[in-house]
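This report concerns only the one structure given below.
If you read the sequence from its start, that first residue is 1, and numbering goes on from there.
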Amino acid sequence: QVQLVESGGGLVQAGGSLRLSCAASGRTFSRYAMGWFRQAPGKEREFVGAIAWGGGTAYADSVKGRFTISRDNAKNTVYLQMNSLKPEDTAVYYCAAGGVWSGRPHEYDHWGEGTQVTVSS
């Protein structure tokens, strides 16, 4: 069983930056693909990006070039660096762990509770 806890959310002005962290319990963290998703009010949960156990990454077109995912397997932590934030990035951000590197939420087995990111214009 893997437990995930996100942190680092908050309120930021447009153009600013935030770094989200997702701390995972469990000794098998390095074997998981990790994904970041977000959900804005009234909208479906959408894929932000993912990082494979080997470090390969993939991003949604809406964040490509602005967001960067990294992982530190020694610290059981995955990060989401968000730059050039826009008001449309406002959402609750979730990290997820799964055996498959995917952009589809149902491919992930474990989810955190989420952290709120609000970008003001």
> Once you round to the nearest 0.5 Å, how far does CZ of F29 lie from CE of M34?
Replying inline: 4.5 Å

> If you round to the nearest 0.5 Å, how far is CZ of F67 from OG of S84?
Replying inline: 9.0 Å

>> Please report the interatomic distance CH2(W36) to SG(C22), rounded to the nearest 0.5 Å.
In response: 5.0 Å

> Which atom names give the shortest non-hydrogen contact between V63 and V48, and what distance separates them?
Replying inline: CG2-O, 3.4 Å

> How far does CG of D72 sit from OG of S30, to the nearest 0.5 angstrom?
Replying inline: 11.5 Å

>> Could you check whether any side-chain heavy atom of Q116 comes within less than 4.5 Å of a side-chain heavy atom of T90, counting everything from C-beta outward?
In response: yes

> Looking at side-chain heavy atoms only, is the closest gap between W111 and C95 below 4.5 Å?
Replying inline: no

>> Looking at every heavy atom in both G8 and L18, which two are closest together, and how far apart are they?
In response: O-CD2, 3.8 Å

>> Does atom CD (E113) have a neighbourhood of more than 12 heavy atoms from anything else shown, all under 6.0 Å?
In response: no

> What pairs with Y108 under ring pair (Phe, Tyr, Trp, His ring centres under 6.0 Å), at least two apart in sequence or on another chain?
Replying inline: F37

> Is any side-chain heavy atom of L20 less than 4.5 Å from a side-chain heavy atom of M82?
Replying inline: yes

>> Is the shortest side-chain heavy-atom distance between H110 and Y32 below 4.5 Å?
In response: yes

> Which pair of heavy atoms, one from A14 and one from S121, lies closest together, and at what distance?
Replying inline: CB-CA, 4.4 Å

> Which residue pairs satisfy the side chain to side chain donor-acceptor pair (under 3.5 Å) criterion with at least one member in residues 9-23, sequence neighbours excluded?
Replying inline: S17-N83

>> I want to check something: taking the side chain as every heavy atom from C-beta on, are V92 and T115 in contact at a cut-off of under 4.5 Å?
In response: no

> So which heavy atom on A58 is nearest to which on F47, and how close?
Replying inline: O-CZ, 3.8 Å

>> Starting from I69, can I reach V2 by hopping between I/L/V/M/F/W/Y residues whose side chains sit under 4.5 Å apart?
In response: yes

>> I need the minimum non-hydrogen distance between S102 and R104, along with the two atoms involved.
In response: OG-N, 2.9 Å

> If you round to the nearest 0.5 Å, how far is OG1 of T118 from CG of D89?
Replying inline: 11.0 Å

> What's the shortest heavy-atom distance between A24 and L4, and which atoms?
Replying inline: CB-CD2, 3.5 Å

> CD/Q3 to CG/N76 distance, rounded to the nearest 0.5 angstrom?
Replying inline: 12.5 Å

> Got E6 and Y94 here, is their nearest side-chain heavy-atom distance under 4.5 Å?
Replying inline: yes

>> Quick check on E88: does its CD atom have over 12 non-hydrogen neighbours (other residues, nucleotides or ligands) under 6.0 Å away?
In response: yes

> Pairs in or reaching into residues 46-61: which pass side chain to side chain donor-acceptor pair (under 3.5 Å), with residues at least two apart or in two chains?
Replying inline: R38-E46, D61-K64

